[in-house]
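Just so you know, these numbers use all the heavy atoms, side chains as well, and skip hydrogens, waters and symmetry mates.
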Amino acid sequence: MASRGHLIDASVQVFFKSDADLRTYLREPFKSRGYPHVDVPWFAPPGPRYVEGSDNPDGSHPGSDPEQVGKVILDDRGFDFAILHPMTAASILPDWHLGTAILAATNQMLVERWLESDTYADRFRGTIRVNPRDIDGAVREIERWKGHPRIVQIGLPMQTEEPYGRSHFKPLWRAACDANLPVAVHLEMGAGITHPPTPSGITRTYSHLAAYQPMTFVWHLLNMIAEGVFHEFPDLKVVWTDGAADMVTPFIWRFDTFGRPHLEQTPWAPNIPSSYLPDHVYFVNGLLDGPGDADFADEWLRMTGKEDMLLFGSSYPSWQTVGPDDLPRAWSEEQRAKVLGGNAATLYGLDAAVPASA
């Protein structure tokens with residue numbers, strides 16, 4: 001951690017200004033194609049989709065104006081750096097050619113508009129979005145941007161047709177390790193090709209969906225451990241960016257009871273499952289994560305090393321936006337310092353970075 005302790009918001013959602021704005025970054029045959037809007041998913045939250053005050057005067061999409069976002073996150077809330085995550089529905093589109101084109105356009109917009117030409121560009125860090133349904137295209141996009149000094153991670157969707165432990169994703173993990181970039185898995189917006197959010201099918205209510213959805217992150221994680229991904233790629237780091245840290249402890253405890261007795265089934269992952277968590281696995285805290293402001297919250301954070309895995313993320317401008325005051329009061333000062341910036345500074349190489357205007 002830096003000397004005074006950087007404050008880092010590890011999850012700020014950014015958008016195109018409008019559909020027409022996105023199309024200015026596309027070429028034919030994709031520019032005139034139809035595709036789902038990011039704000040049209042199967043389920044809607046219980047109220048406005050974006051936090052009050054995030055609307056722009058020109059009517060552009062919340063989270064699309066670098067000046068407005070920078071003022072809120074960096075000036076008003078006092079963060080030194082913001083990790084930007086472009087939001088899209090592109091990586092779950094049936095046509096993966098179109099999806100890859102939209103993601104490439106998204107990355108171009110992120111770099112030009114947020115990372116290279118803005119008042120806050122020196123304090124923004126970016127996530128490039130790549131398409132897991134097009135591994136070759138994803139690797140090319142990583143190669144395209146891996147040398148940019150303000151690109152700090154690779155973004156993938158939570159919703160996939162297969163779990164991330166499957167072998168055909170290996171070129172993606174290899175490219176991420178070669179680029180020395182963490183991989184951030186985030187809930188994809190909009191609608192597209194996805195499995196039902198529960199093993200029993202579609203949920204009826206948003207509350208059921210929100211309660212269960214983090215399980216998908218854990219499912220991906222456990223599959224990656226069992227399939228030996230972290231053993232084969234010891235430098236791979238994965239950030240689960242929509243909560244689920246509160247679920248990893250009971251699941252990894254249960255997984256450990258099977259880890260060694262069933263070693264003959266997974267010789268490619270010879271270590272106890274929980275040993276693959278440190279330095280590989282990170283979570284961004286979520287508004288709905290438990291146990292909330294409980295007296296034992298500090299003890300819960302220590303279990304399975306979560307205090308070294310958790311990153312603060314506001315999710316601004318989502319309706320689930322959180323601030324430092326929403327963190328449990330029972331956390332120690334050391335735990336708060338790790339979550340509010342120490343862990344992210346180490347992960348993203350920002351320990352020695354000095355924001356020009358912080």
Side-chain angles (χ1 to χ4, degrees), residues 8-13 38-39 41-54 62-63 73 77 83 85 87 155 157-159 184-190 194-200 202-222 238-253 281-304 306-307 309-331 335-336 338-340 343-344:
I8 300 173
D9 189 334
S11 184
V12 176
Q13 301 175 5
V38 293
D39 290 337
W42 287 112
F43 295 93
R49 183 172 298 281
Y50 298 102
V51 70
E52 184 178 356
S54 62
I73 301 299
R77 299 188 179 186
I83 311 300
H85 199 106
M87 304 304 292
M158 179 193 72
Q159 304 97 312
V185 181
H186 197 290
L187 174 67
E188 193 79 320
M189 297 185 70
T194 63
H195 291 299
T198 82
S200 301
I202 299 293
T203 60
R204 186 177 63 84
T205 64
Y206 182 87
S207 59
H208 184 193
L209 174 72
Y212 186 87
Q213 206 161 46
M215 296 274 288
T216 309
F217 290 105
V218 176
W219 163 237
H220 277 304
L221 171 61
L222 299 188
V238 179
V239 185
W240 310 97
T241 62
D242 279 301
D246 55 340
M247 296 188 176
V248 70
T249 292
F251 277 93
I252 206 68
W253 282 345
V281 176
Y282 300 84
F283 294 87
V284 173
N285 72 290
L287 178 65
L288 306 181
D289 284 359
D293 197 22
D295 292 340
F296 58 86
D298 57 335
E299 182 180 2
W300 181 250
L301 191 63
R302 282 193 295 272
M303 292 180 181
T304 56
K306 292 191 293 294
E307 63 186 4
M309 301 182 215
L310 197 61
L311 316 175
F312 175 84
S314 67
S315 296
Y316 184 86
S318 167
W319 72 275
Q320 299 183 67
T321 295
V322 297
D325 291 342
D326 296 309
L327 299 178
R329 288 172 291 180
W331 284 3
Q335 288 175 325
R336 287 183 64 87
K338 287 181 176 182
V339 174
L340 283 171
N343 293 336

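Closest of all the heavy-atom pairs between A210 and L288 is CB-CD1, 3.9 Å. The minimum heavy-atom distance between P214 and M247, with the atom names listed, is CB-SD, 3.9 Å. The shortest heavy-atom contact between P317 and S54 is CB-CB, 3.7 Å. Among all heavy-atom pairs drawn from R336 and P324, the shortest one is NH2-O, 3.5 Å. The two atoms that bring F312 and V284 nearest to each other are C-CG1, 4.3 Å, heavy atoms only. Between N285 and L310, the shortest heavy-atom contact is N-CD1, 3.7 Å.
With rounding to the nearest 0.5 Å, the separation of CZ in F283 from OG1 in T241 is 11.0 Å. Note that CE of M189 and CD of Q13 are 6.5 Å apart. Values are rounded to the nearest 0.5 Å.
In this structure, the side chain of H220 engages the main chain of M158 through a donor-acceptor pair within 3.5 Å. Between the side chain of S315 and the backbone N or O of T321 there is no donor-acceptor pair closer than 3.5 Å. Remark: the backbone N or O of D246 is not paired with any side-chain donor or acceptor of K306 at under 3.5 angstrom. With hydrogens and angles ignored, the 3.5 Å screen pairs a side-chain donor or acceptor of D293 with a backbone N or O of R329. A donor-acceptor pair under 3.5 Å is absent between the side-chain atoms of Q320 and the main chain of G286, judged by distance alone.
A donor-acceptor contact under 3.5 angstrom links the side chains of T304 and T249, judged on distance only.
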Check step by step if side-chain hydrogen bond (donor to acceptor under 3.5 Å, both in side chains) holds for Q159 and E188. CA-CA 7 Å; Q159 304 97 312; E188 193 79 320; over 6 Å; no
Would L311 and I8 count as a side-chain contact (heavy atoms from CB on, under 4.5 Å) here? Give the steps. CA-CA 8 Å; L311 316 175; I8 300 173; over 6 Å; no
Would S314 and I73 satisfy side-chain contact (heavy atoms from CB on, under 4.5 Å), going step by step from the backbone distance to the final call? CA-CA 9 Å; S314 67; I73 301 299; 3.9 Å; yes
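L340 places a side-chain heavy atom less than 4.5 Å from the side chain of L327. Between M309 and N343 there is no side-chain heavy-atom pair separated by less than 4.5 Å. Proximity of L187 to Q213: side-chain heavy atoms (C-beta onward) are separated by under 4.5 Å at one or more points. Taking 4.5 Å as the limit, every side-chain heavy atom of W331 sits out of range of all side-chain heavy atoms of E307.
Applying the salt bridge (charged side-chain N to carboxylate O under 4.0 Å, His left out) criterion to R49, with sequence neighbours excluded, gives no partner residue. For D326, there are no salt bridge (charged side-chain N to carboxylate O under 4.0 Å, His left out) partners two or more places apart in sequence or in a different chain.
Ring geometry, W240 versus F217: the interplanar angle exceeds 60°, so the pair is classed perpendicular (tilted spans 30 to 60°).
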